[in-house]
Protein chains: 2
Amino acid sequence: MSHIDTQFHGVRITESQGRPAQQHLPAACSSCSLHELCLSGGLDEIDLEAIDRIVAQRRRIAKGEALFSVGDAFRSIYAVRFGLFKTEGLMTDGREQVTGFQMAGELLGLDGISDDRHVCKAVALEDSEVCVIPFAEMESLGRAVPALQRNLHRVMSREMVQDRNLLVLLGSAQAAERLAAFLLNLSERHAQRGYAASEFILRMTRDEIGSYLGLTPETVSRTFTKLQKDGLIEVAQKHIRIPDLPALRNFIGC
Amino acid sequence: MSHIDTQFHGVRITESQGRPAQQHLPAACSSCSLHELCLSGGLDEIDLEAIDRIVAQRRRIAKGEALFSVGDAFRSIYAVRFGLFKTEGLMTDGREQVTGFQMAGELLGLDGISDDRHVCKAVALEDSEVCVIPFAEMESLGRAVPALQRNLHRVMSREMVQDRNLLVLLGSAQAAERLAAFLLNLSERHAQRGYAASEFILRMTRDEIGSYLGLTPETVSRTFTKLQKDGLIEVAQKHIRIPDLPALRNFIGC
DNA sequence: ACGCCCGTCTGATCCATGTCAGGCTGGCTT
DNA sequence: AAGCCAGCCTGACATGGATCAGACGGGCGT
């Protein structure tokens, strides 16, 4: 069990308190436990070493701090090593809305490519760490390593597909379906990372969930209660248990 | 004025009727009027010729026909030459929802990269033509031509950003704001292509608009009427006029 | 030119979710 | 240990949009 796994299980990172959020630590895809989930999946030893040279630093972000904000110059993309982030977009009238939650092994910052400026804000929901991947170098390494290029494209495409799914959800599903779909999505992603699929802790508030799902926090709360009454989930504050995953999946298809 | 421009202005393509939808015609980015809007923007002569060799064929899609459907094997992406498409995603319960409209110079099919299978369906809303861009060859040319690689990444990123914007819209805006934002978006894209920003024809039905915006067709209809009463737009069937663009933009920020 | 039908508009009603308000709990600070 | 406050839950009420129903009009095919 590696250093990273331990931290991902919830150990607080106290040594960064009082220091600036940005730190420069060595990163290494070749020895990263998330490697198969991340950009470096499926690459051979030699290519991994090349990536290691590019992904030269990590950065720690304390809970509540922003990794980047709207308008920031785009230079790098980020891979979450441990912790959890939310990304939020800006409405025309200034309100913010959560557009996604990123957990270990997922990328942040791809939105900045299109015009060299970030158009959303990424905030850590708990003490977190990311690998900093300078994008220009990533592109040039992609030119040398087709498999890496392929991975990048796959990740970008996957992100588009996920956004589309959420779109469809917001466009045509009811509150209970939205929430159920959200929980199932979290469940799957936990499972991918080797954690329990049917029991987990929500790291985000009801406000953030509501913002993400296009609902008010009150409705989120009520809907949790309703799903519990229907026996589909068990809720205790931030603790969620899904006693019957197939049943919940089935509920979505109504 | 080229052949393409003439067709884009609305001349019906009659010669394809009764034939299979797939046709093999020469394509040429180097002489395409959409070149600056599309993937080949900013490239030099030599690189353009390289692209021309890859983007070797076009395909005509009659109104109502699908360019690709959910589950189809992914091999190519497509650039719209003229015409208009809608993409629709599949709900868990089988219902379909429109997730986007693509006009000349925009790309289709990027959703298929992530697992080599299309996860949405692209349907022509009028007789249309696309350039077929084999993706494997596109990737390999991207390795040789950094500017092309950059363009591809930019386009993908832009698509992600647009999806996010729509997400925010669906998550927190009222019917009138959604519709206004939709019209402004169309207006901008028309302007980019050299057409009037304040007057245009809607090529999609109220149903399709409603599906896209997460509203019923009845609400779309009513909301058009409401916006007209408020003097923000003039509607006559599919004909839209926006007498005061800044006023409509201002309306969004409420 | 005629008639059919799809797409659109409008009205009446209902329901899901937003809004406003109050009270509870658990975790953090002092 | 006490107190405070953010986050959460629940209730009562308001409302925007969905739903159901019907009428109109224009485009298309015969």
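Values in this document were obtained by computation on a predicted structure and should not be read as measured data. Throughout, protein chains are lettered first and strands after them, A, B, ... in sequence-line order, and every chain is numbered starting at 1.
- For B/Ile240 and C/dT8, the CD1 to P distance is 11 Å, given to the nearest whole Å.
- The nucleotide whose nearest atom lies closest to any side-chain atom of B/Gln174 is, among C/dA16, C/dT8, D/dG16, D/dG16.
- Atom CG in B/Asp207 sits roughly 12 Å away from atom P in D/dA18 (whole-Å rounding).
- The CG atom of A/Leu202 sits 13 Å away from the C1' atom of D/dC8 (whole-angstrom rounding).
- The interatomic distance linking A/Leu125 (CG) with D/dG7 (C1') rounds to 15 Å, in whole Å.
- The separation between B/Leu179 atom CG and C/dT8 atom C1' is 14 Å, rounded to whole Å.
- Comparing B/Ala173 and A/Arg206 along DNA chain D, the residue whose closest nucleotide (by nearest heavy atom) sits nearer the 5' end is A/Arg206.
- Here CG of A/Leu213 is found 7.0 Å from CG of A/Leu169. Values are rounded to the nearest 0.5 Å.
- Taking the six-membered ring where the residue is Trp, B/Tyr195 and B/His190 present perpendicular rings, their angle passing 60° and hence far from 30°.
- Counting only N and O atoms by type, the side chains of A/Glu199 and A/His239 include a donor and acceptor under 3.5 Å apart.
- In this structure, A/Ala181 and A/Ile252 approach most closely via the heavy-atom pair N-CD1, 3.3 Å.
- In this structure, CD of A/Gln237 is placed 12 Å from P of D/dG7, rounded to the nearest angstrom.
- The shortest distance between the side-chain N/O atoms of A/Lys238 and the OP1/OP2 oxygens of D/dC8 is below 4.0 Å.
- Comparing the helix axis at one end of the helix from C/dA1-D/dT30 to C/dT30-D/dA1 with that at the other, each defined from 5 consecutive pairs, gives an inter-axis angle of 50° (nearest 10°).
- The CE-P distance, from A/Met204 to D/dC8, rounds to 11 Å in whole Å.
- Listed by residue number, the members of residues 209-229 of chain A with any heavy atom below 4.0 angstrom from DNA chain D are A/Glu218, A/Ser221, A/Arg222, A/Thr225.
- With 3.5 Å as the limit, one finds a donor-acceptor pair spanning the side chains of B/Ser172 and A/Gln97.
- A/Glu129 is not listed as a side-chain neighbour of A/Ile61, based on a closest heavy-atom distance of 4.5 Å or more.
- Between B/Tyr212 and B/Phe182, the distance separating the two ring centers is shorter than 6.0 angstrom.
- Taking atom NZ on A/Lys63 and atom P on C/dG27, their separation rounds to 12 Å, with Å as the unit.
- In this structure, A/Glu126 does not pair ionically with A/Lys63, as no charged nitrogen and carboxylate oxygen lie closer than 4.0 Å.
- Classification of B/Arg164 and A/Glu159 as a salt-bridged pair holds, one side-chain N sitting under 4.0 Å from a carboxylate O.
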